[in-house]
A.B. asks: 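Got a structure for you, questions after.
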There are 2 protein chains.
Amino acid sequence: MSAEDTDAKLARKALPMRAFSESLPMALLRTREAVMCLFRPGLRSRGVTEQQWRILRALAHSGSMEVTALAEATFLLGPSLSRILPDMEKRQLVSRRQVDSDLRRSMVSLEPKGLRLIALHAPDSEQIYAQIAKRFGVEQVTQLFTLLHELQDSLEEISRQHAKSSQRTSRKPPARARARPGGSR
Amino acid sequence: MSAEDTDAKLARKALPMRAFSESLPMALLRTREAVMCLFRPGLRSRGVTEQQWRILRALAHSGSMEVTALAEATFLLGPSLSRILPDMEKRQLVSRRQVDSDLRRSMVSLEPKGLRLIALHAPDSEQIYAQIAKRFGVEQVTQLFTLLHELQDSLEEISRQHAKSSQRTSRKPPARARARPGGSR
DNA sequence: CCTAGATACTTAACATCATAATCATCTGCT
DNA sequence: AGCAGATGATTATGATGTTAAGTATCTAGG
């Protein structure tokens with residue numbers, strides 16, 4: 001055993017830190033990646049990226065939306081949509097038109113081609129969910145969803161609490177739940 | 001109500017597709033992002049990125065590691081480490097040395113500065129976990145971890161099954177659980 | 001030996017994400 | 001009206017993830 005190993009092991013014991021495997025962000029990241037590994041091949045084979053698929057799904061689910069609302073729904077940022085939407089327009093998966101009453105806004109709509117793409121891929125997607133349900137258990141899936149949603153709620157409360165308690169020092173609200181420079185991982 | 005809205009609503013009813021909010025990848029992504037929103041400010045204030053923090057934690061937990069093992073542990077890719085590690089070396093958070101018995105390999109070790117950084121940040125991190133435990137519930141947290149791990153196991157089984165059944169057509173195994181061009185979102 | 005293939009890691013090229021800056025438009029106040 | 005500030009969206013810039021190609025080293029078979 002090398003000196004570094006020994007040091008690290010001592011360090012691990014001395015540090016008031018949970019095991020790396022008990023990191024919530026890591027667990028969520030790994031799990032999501034594992035799920036996506038099942039879904040990606042099908043999407044890729046149809047020439048759709050994960051982000052484009054989210055846009056199609058959001059539009060199919062909620063109907064035409066403004067860009068900001070679409071960003072919220074798909075969990076993408078404005079700039080990402082500004083790049084992705086023109087591509088999808090060219091491919092006639094979606095269309096856009098200005099809003100008469102406010103020329104800053106534009107409405108994004110699902111086009112027939114986009115709808116067909118969804119219809120084409122949906123069975124595959126559902127089949128994967130069926131496999132998951134079979135292996136993992138239906139109740140387990142619903143339980144997981146419940147926990148994830150509840151955790152999100154709890155986290156939001158904590159954030160609000162932070163915002164409130166730091167109000168004395170900094171005037172600005174913590175803006176909004178988003179990230180930092182660099183990729184998502 | 002616009003024609004597009006009507007179309008979309010009809011489409012939604014016609015399509016054999018679950019509600020967008022019941023998308024497992026989305027739920028995991030949103031939850032992870034919500035968690036990271038609590039952790040990021042502390043890391044950022046100490047000049048560490050999320051990825052660098054994962055590297056430090058992995059080294060503190062398991063001791064010195066080769067680059068490949070580190071990639072596995074941190075869920076980063078080799079090229080990312082090739083970019084990140086030199087920076088961390090310059091800042092003396094970690095160090096590297098060639099392995100005598102195999103000059104291709106190099107061992108990455110935690111340096112005192114890195115250890116101090118962990119020690120500095122760990123309390124903050126644990127305090128956030130404490131808040132989560134308080135709001136969300138301790139049993140809920142452990143239950144979530146359990147479900148996430150079990151789901152990963154199930155997904156791996158499904159992947160293996162796919163690999164086996166597609167063995168006739170394509171010789172190559174599905175390699176390994178990784179992603180596609182573009183960022184993580 | 002010594003050459004072919006495998007392995008560890010790096011470099012390069014490209015796509016994407018995140019922040020900030022910018023542009024256009026709208027709203028409220030005077 | 002007319003201007004200041006807010007808001008929707010795009011563009012610009014920098015950092016990261018991913019794939020593929022490249023380099024160096026090791027291992028195995030002739």
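All figures in this text were calculated on a predicted structure; none of them were measured in a lab. Here is how names work: the chains are called A, B, and so on, in the same order as the sequence lines, proteins then strands, and each is numbered from 1.
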A.B. asks: Which of the following nucleotides, D:dA9, D:dT10, C:dT10, is nearest to the side chain of B:Ser82?
C.D. replies: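 From the listed options, C:dT10 comes nearest.
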A.B. asks: Looking at A:Gln51, I'd like to know whether one of its side-chain N or O atoms comes within less than 4.0 Å of OP1 or OP2 on C:dC17.
C.D. replies: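 True: A:Gln51 side-chain N/O within range (under 4.0 Å) of C:dC17 OP1/OP2.
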A.B. asks: For B:Leu70 and C:dT10, give me the distance from atom CG to atom C1', rounded to whole Å.
C.D. replies: 15 Å
A.B. asks: Does a side-chain N or O of A:Arg83 approach OP1 or OP2 of D:dA9 to a distance below 4.0 Å, or not?
C.D. replies: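 Checking D:dA9 against A:Arg83, no side-chain N or O comes under 4.0 Å of OP1 or OP2.
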A.B. asks: Would you say B:Thr49 places a side-chain N or O within less than 4.0 Å of OP1 or OP2 belonging to D:dA15?
C.D. replies: no
A.B. asks: Taking NZ, NE, NH1 and NH2 as the nitrogens, is one of them in B:Glu50 or B:Arg44 under 4.0 Å from a carboxylate oxygen of the other?
C.D. replies: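 Between B:Arg44 and B:Glu50 there is no salt bridge, as every charged N stays at least 4.0 Å from the carboxylate O atoms.
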A.B. asks: Taking only the side-chain nitrogens and oxygens of B:Arg105, find out if one of them lies under 4.0 Å from OP1 or OP2 of C:dA8.
C.D. replies: yes
A.B. asks: CE of B:Met65 versus C1' of C:dC9: gap in Å, rounded?
C.D. replies: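 Distance, rounded to whole Å: 16 Å.
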A.B. asks: For A:Gln92, is there any backbone N or O sitting under 3.5 Å from a side-chain donor or acceptor partner on A:Glu111?
C.D. replies: no
A.B. asks: If you only use heavy atoms from C-beta on, which nucleotide in D:dT25, D:dA9, D:dA20 is closest to the side chain of A:Thr68?
C.D. replies: D:dA9
A.B. asks: Atom CD of B:Glu89 and atom P of C:dC9: how far apart are they, to the nearest Å?
C.D. replies: 13 Å
A.B. asks: Expressed in angstrom and rounded to an integer, what is the separation of A:Phe75 atom CZ from C:dT16 atom P?
C.D. replies: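 Spelled out: CZ on A:Phe75 to P on C:dT16 is 19 Å.
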A.B. asks: May I ask you to say whether A:Arg46 pairs ionically with A:Asp124, meaning some side-chain N is under 4.0 Å from a carboxylate O?
C.D. replies: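 Salt bridge present between A:Arg46 and A:Asp124.
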A.B. asks: With respect to the side chain of B:Val67, which nucleotide from C:dT25, C:dA20, C:dT10 is positioned closest?
C.D. replies: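 Nucleotide nearest to B:Val67's side chain: C:dT10.
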A.B. asks: Between C:dT27 atom C1' and A:Leu103 atom CG, what is the distance in whole Å?
C.D. replies: 14 Å
A.B. asks: For B:Ile84 and C:dT10, what is the distance between atoms CD1 and P respectively, to the nearest whole Å?
C.D. replies: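 In whole Å, C:dT10 P and B:Ile84 CD1 are 12 Å from each other.
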A.B. asks: If we count only N and O atoms by modelled type, under 3.5 Å, do the side chains of B:Gln152 and A:Thr31 hold a donor and an acceptor together?
C.D. replies: yes
A.B. asks: How about B:Tyr129 and B:Phe136: are their ring centroids closer than 6.0 Å?
C.D. replies: no
A.B. asks: Verify the contact: side-chain N or O of A:Arg40 to OP1 or OP2 of D:dT18, cut-off strictly under 4.0 Å; return yes or no.
C.D. replies: no
A.B. asks: Just compare C:dA24, D:dT18, D:dA9 and give me whichever is closest to any side-chain atom of B:Leu77.
C.D. replies: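 For the B:Leu77 side chain, the nearest candidate turns out to be D:dT18.
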A.B. asks: Determine: side-chain N/O of A:Ser80 to OP1/OP2 of C:dC17, distance under 4.0 Å, yes or no.
C.D. replies: yes
A.B. asks: If you assign A:Gln52 and A:Val99 each to the DNA chain C nucleotide with the nearest heavy atom, which residue ends up on the more 5' nucleotide?
C.D. replies: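 Its nearest nucleotide being more 5', the pick is A:Gln52.
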A.B. asks: Measure the distance from CD on A:Gln98 to C1' on C:dA24 and round it to the nearest whole Å.
C.D. replies: 10 Å
A.B. asks: To the nearest angstrom, how far is B:Leu76 atom CG from C:dA8 atom C1'?
C.D. replies: 17 Å
